[in-house]
Amino acid sequence: MKKLGLMGIDQYGQHYKLKTDHPRKELQEILGRKHTDKMYVDTKTGDTKHIGYIINGLWITLYEIHEWSKKEG
């Protein structure tokens, strides 16, 4: 599937459509902040995975947007 871009959603449901592949920098510009912390989640295997950023008290989870298509056949 073709990747169309990135989107961030904070804990209040606010959406941030990101136009570049540099989400940290773009979110900092949108929110007018310079400091960013990474946000992680624990996996079932005991590892950690980077899933977003904490900027100015907002917990922003990142999602990849892909095109939607039905399987032919």
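Below, all heavy atoms of this structure are taken into account, side chains as well, without hydrogens, waters or symmetry copies.
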Tell me which donor-acceptor pairs under 3.5 Å the side chains of residues 18-26 have, and how far apart each pair is, sequence neighbours excluded?
| from | atom 1 | to | atom 2 | distance (Å) |
| --- | --- | --- | --- | --- |
| Thr20 | OG1 | His22 | N | 3.2 |
| Thr20 | OG1 | Glu26 | OE1 | 2.8 |
| Arg24 | NH1 | Gln28 | OE1 | 3.3 |
| Glu26 | OE1 | Lys19 | N | 3.2 |
| Glu26 | OE1 | Thr20 | N | 3.0 |
| Glu26 | OE2 | Lys19 | N | 2.7 |

- Query: Same cluster for Leu4 and Tyr16 if Ile/Leu/Val/Met/Phe/Trp/Tyr side chains link at under 4.5 Å?
  - Reply: no

- Query: Same cluster or not: are Ile30 and Leu6 linked, directly or through other Ile, Leu, Val, Met, Phe, Trp or Tyr residues, by side-chain heavy atoms under 4.5 angstrom apart?
  - Reply: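 Yes, one cluster joins them.
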
- Item | Set of residues satisfying side chain to side chain contact (heavy atoms under 4.5 Å, CB included) with respect to Gln11, sequence neighbours excluded | Leu58, Trp59

- Query: Quick one: does Asp42's side chain have a donor or acceptor within less than 3.5 Å of a partner on Gly46's backbone?
  - Reply: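 No.
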
- Message: Taking Gly52's backbone N and O only, do any of them form a donor-acceptor pair with His50's side chain (distance below 3.5 Å, no angle check)?
- Response: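 Pair found, side chain donor or acceptor close to backbone of Gly52.
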
- Could you walk me through whether Leu31 and Asn56 pass the side-chain contact (heavy atoms from CB on, under 4.5 Å) test, one step at a time? CA-CA 8 Å; Leu31 298 170; Asn56 193 34; 5.6 Å; no

Taking side chain to side chain donor-acceptor pair (under 3.5 Å) as the definition, give me every residue that meets it alongside [X], ordered by chain and number, with sequence neighbours left out.
| X | result |
| --- | --- |
| Tyr53 | none |
| His35 | Asp37 |
| Glu64 | His66 |

- Message: Walk me through whether Met7 and Leu62 qualify under side-chain contact (heavy atoms from CB on, under 4.5 Å).
- Response: CA-CA 6 Å; Met7 176 176 58; Leu62 297 177; over 6 Å; no

- Query: Would you say the side chain of Thr61 lies within less than 4.5 Å of the side chain of Ile9, judging by non-hydrogen atoms?
  - Reply: no

- Query: Any side-chain heavy atom of Ile60 within less than 4.5 Å of one from Leu27?
  - Reply: yes

- Pairs meeting criterion salt bridge (charged side-chain N to carboxylate O under 4.0 Å, His left out) with involvement of residues 46-58, two or more places apart: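 Qualifying pairs: none.
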
- Query: How is the hydrophobic cluster of Tyr40 composed, in terms of its other members, when Ile, Leu, Val, Met, Phe, Trp and Tyr link through side-chain heavy atoms under 4.5 Å apart, directly or indirectly?
  - Reply: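 Members other than Tyr40 - counting any ILVMFWY side chain reachable under 4.5 Å - there are none.
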
